[in-house]
Amino acid sequence: MYFFIFVLGAIVGSFLNVVISRTLKKEKITGRSSCDNCGKILSWFELIPIFSYIFLAGRCSSCKAKIPVQYPLVELFCGFLFFSLFFKEDEIKADLI
């Protein structure tokens with residue numbers, strides 16, 4: 001169960017990255033994600049939080065430009081935040097029983 005909570009947090013972190021990035025660029029939040037450097041539309045396997053960054057070695061699969069480390073860090077942070085909040089709530093429930 002904890003793993004799925006972490007994954008959910010990482011997905012939320014990935015969405016927050018999109019919101020942050022596109023808001024700063026004054027772009028619409030909707031639409032497909034693309035490489036900031038070459039504009040290539042990212043495929044589904046390039047959008048998996050944390051794992052795609054590792055799989056692609058932190059670079060675009062098309063132009064090989066570096067992907068900012070901010071993306072996996074925000075995903076990891078949100079994953080751990082969700083995990084720790086869920087874990088803490090689970091501890092509180094166990095103490096009440």
Side-chain angles (χ1 to χ4, degrees):
M1 183 68 166
Y2 293 122
F3 174 75
F4 294 111
I5 296 300
F6 176 84
V7 170
L8 177 64
I11 291 169
V12 169
S14 182
F15 176 72
L16 289 175
N17 275 324
V18 170
V19 172
I20 293 165
S21 175
R22 293 184 186 183
T23 301
L24 292 174
K25 295 177 190 174
K26 296 183 177 22
E27 296 176 348
K28 292 190 312 182
I29 294 175
T30 58
R32 295 291 306 261
S33 294
S34 61
C35 173
D36 290 336
N37 189 52
C38 69
K40 176 194 176 258
I41 302 294
L42 302 177
S43 55
W44 68 269
F45 62 87
E46 295 172 308
L47 297 172
I48 301 170
I50 304 162
F51 295 106
S52 61
Y53 186 85
I54 295 167
F55 177 73
L56 295 170
R59 297 190 174 273
C60 172
S61 63
S62 180
C63 69
K64 305 300 181 209
K66 283 188 175 184
I67 300 169
V69 74
Q70 163 203 332
Y71 294 113
L73 288 179
V74 170
E75 294 163 358
L76 278 169
F77 175 77
C78 287
F80 283 122
L81 181 66
F82 272 53
F83 173 82
S84 61
L85 290 173
F86 184 80
F87 184 75
K88 187 67 176 168
E89 183 180 323
D90 214 24
E91 276 184 350
I92 291 169
K93 285 181 185 176
D95 288 344
L96 293 174
I97 295 176

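Only a predicted model underlies this, so the values are computations on that prediction, with no experimental measurement involved.
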Looking at [atom1] of [X] and [atom2] of [Y], how far apart are the two atoms once the value is rounded to the nearest 0.5 Å?
X	Y	atom1	atom2	answer
Phe80	Phe77	CZ	CZ	11.0 Å
Leu56	Arg59	CG	CZ	11.0 Å
Ile67	Asn37	CD1	CG	11.0 Å
Phe86	Leu8	CZ	CG	10.5 Å
Phe4	Ile11	CZ	CD1	10.5 Å

- [ ] Go through the steps to decide whether Val18 and Ser33 satisfy the test side chain to side chain contact (heavy atoms under 4.5 Å, CB included), and finish with yes or no.
- [x] CA-CA 8 Å; Val18 170; Ser33 294; 4.2 Å; yes
Output all residues satisfying side chain to side chain donor-acceptor pair (under 3.5 Å) with [X], sequence neighbours left out; order by chain, then residue number.
X	answer
Gln70	Asn17
Lys28	none
Lys40	Glu46, Ser61

Open item on the list: With a 4.5 Å cut-off on side-chain heavy atoms, are Ser62 and Cys35 touching?
Closed with: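 Answer no - side chains too far apart.
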- [ ] Using the rule that two of Ile, Leu, Val, Met, Phe, Trp, Tyr join whenever any of their side-chain heavy atoms come within less than 4.5 Å, decide whether Phe3 and Phe83 are in one cluster.
- [x] no
Open item on the list: If the condition is side chain to side chain contact (heavy atoms under 4.5 Å, CB included), which residues does Ile50 pass it with, not counting sequence neighbours?
Closed with: Phe6, Ala10, Ile54, Glu75, Leu76
Open item on the list: Suppose we screen for side chain to side chain contact (heavy atoms under 4.5 Å, CB included). Which residues come up paired with Cys78, at least two apart in sequence or across chains?
Closed with: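 Cys78 satisfies side chain to side chain contact (heavy atoms under 4.5 Å, CB included) with Leu16, Val74 once adjacent residues are dropped.
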TODO: Would you mind listing every ring-ring contact (aromatic ring centres under 6.0 Å, His included) that reaches into residues 42-66, with sequence neighbours excluded?
DONE: none
Open item on the list: Tell me whether Thr23 contacts the main-chain N or O of Ile20 through its side chain, where contact means a donor paired with an acceptor under 3.5 Å.
Closed with: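 No, the answer is negative, given that no donor and acceptor are paired below the 3.5 Å cut-off.
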Task: Arg22 side chain to Glu27 backbone, donor-acceptor under 3.5 Å - done: no
Open item on the list: Can you give me the closest heavy-atom contact between Ile41 and Arg32, atom names plus distance?
Closed with: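 Closest approach of Ile41 to Arg32: CG2-CB, 3.9 Å.
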